[in-house]
Amino acid sequence: VQLQASGGGSVQTGDALRLSCVGSGFFFGSYAMAWFRQAPGKEREFVAAKGRVNDQAEYADSVKGRFTISRDNAKNTVYLQMNNLEPEDTAVYYCAGAPMRSVIYRIKRNEGEYDRWGQGTQVTVSS
C-alpha cells in the first residue's frame, strides 16, 4: 500500500504549482483523498479533501478560492492545483487516504481518520 506525492518546488509569491499523488496497493476509488501540510515548527493541518469524483470538495479557509483538489480514479491519482501561492503556504504537503465506509460520505478533517499517507513533498514560496 503506497501513496507517492510529487510536484513540489520553490516558487515566487503569486506563482502556481500542481501536486500529484498516485496510489497503489488499494482500491483507490473507495478512499476519500486529502491533502495536509506541515510548516516548520507547526502542527500538520488539513488543506483539502474530496470523497467520490462527483462529491463536493472541502477546503481550509486559508486556501479556499486558491487551491483546487481533484481526482482521477482511472489513474489512481489525486491532484492539488495551487494558484496565487503565498509565503504562508510554505510547508511539506502530504496526501492521505481514508476509507469511505458509507454511501453518503462526510469528509473528515482530522488526520487521525486517514490510514494511508504519502511521504510528503516540499513547497517553498518566497516573497
How long is the span from the CZ atom in R66 to the CD atom in E86, to the nearest 0.5 Å? 4.0 Å

So if you build clusters from Ile, Leu, Val, Met, Phe, Trp, Tyr with side-chain heavy-atom gaps below 4.5 Å, do V47 and V125 land together? yes

Identified side chain to side chain contact (heavy atoms under 4.5 Å, CB included) counterpart of L80 within the set V63, I69, T121: I69

Check whether any side-chain N or O of S62 sits under 3.5 Å from a backbone N or O of A60 as a donor-acceptor pair, and report yes or no. no

Examine distances only and state if a side-chain atom of R71 and a backbone atom of V53 form a donor-acceptor pair shorter than 3.5 Å. no

Check residues 10-22 and write down every donor-acceptor pair under 3.5 Å in which the side-chain atom is one partner and the other belongs to a residue at least two apart or another chain.
unit_1: Q12; atom_1: NE2; unit_2: S126; atom_2: OG; d: 3.4
unit_1: T13; atom_1: OG1; unit_2: S126; atom_2: O; d: 3.1
unit_1: D15; atom_1: OD2; unit_2: Q12; atom_2: N; d: 3.0

To the nearest 0.5 Å, how far apart are CZ in R101 and OH in Y31? 7.0 Å

Would you call the rings of F28 and F26 parallel, tilted or perpendicular, where under 30° means parallel and over 60° means perpendicular? tilted

Ignoring hydrogens, what is the shortest heavy-atom contact between L85 and M82? Give both atom names and the distance. CD2-CB, 3.8 Å

dist I107:CD1 -> E113:CD (nearest 0.5 Å) comes out at 12.5 Å

For the side chain to side chain donor-acceptor pair (under 3.5 Å) test, which of Q38, R109, R37 pairs with E45? R37

Nearest atoms (heavy-atom pairs only) where Y105 meets P99: CE1-O, 3.9 Å

Kindly say whether the aromatic ring centers of W35 and F46 come within a distance under 6.0 Å. no

Say you draw a straight line from NZ of K42 to OG1 of T90; how long is it, rounded to the nearest 0.5 Å? 10.0 Å

Given 3.5 Å as the limit, does a donor-acceptor pair link the side chain of K108 with the main chain of R106, or not? yes

N83 CG to D89 CG distance, which is reported to the nearest 0.5 Å: 10.5 Å

Shortest non-hydrogen contact between N110 and Y114, atoms and distance: O-CD1, 3.4 Å

Who are the side chain to side chain contact (heavy atoms under 4.5 Å, CB included) partners of T68, not counting sequence neighbours? Y59, Q81

Can you get from V92 to W117 by hopping between Ile, Leu, Val, Met, Phe, Trp and Tyr side chains that sit under 4.5 Å apart? yes

Separation between OG (S70) and CE (M33), nearest 0.5 Å, reads 11.5 Å

Just checking, R44 and Y94: is the charged tip under 6.0 Å from the six-membered ring centre and within 45° of the axis? yes

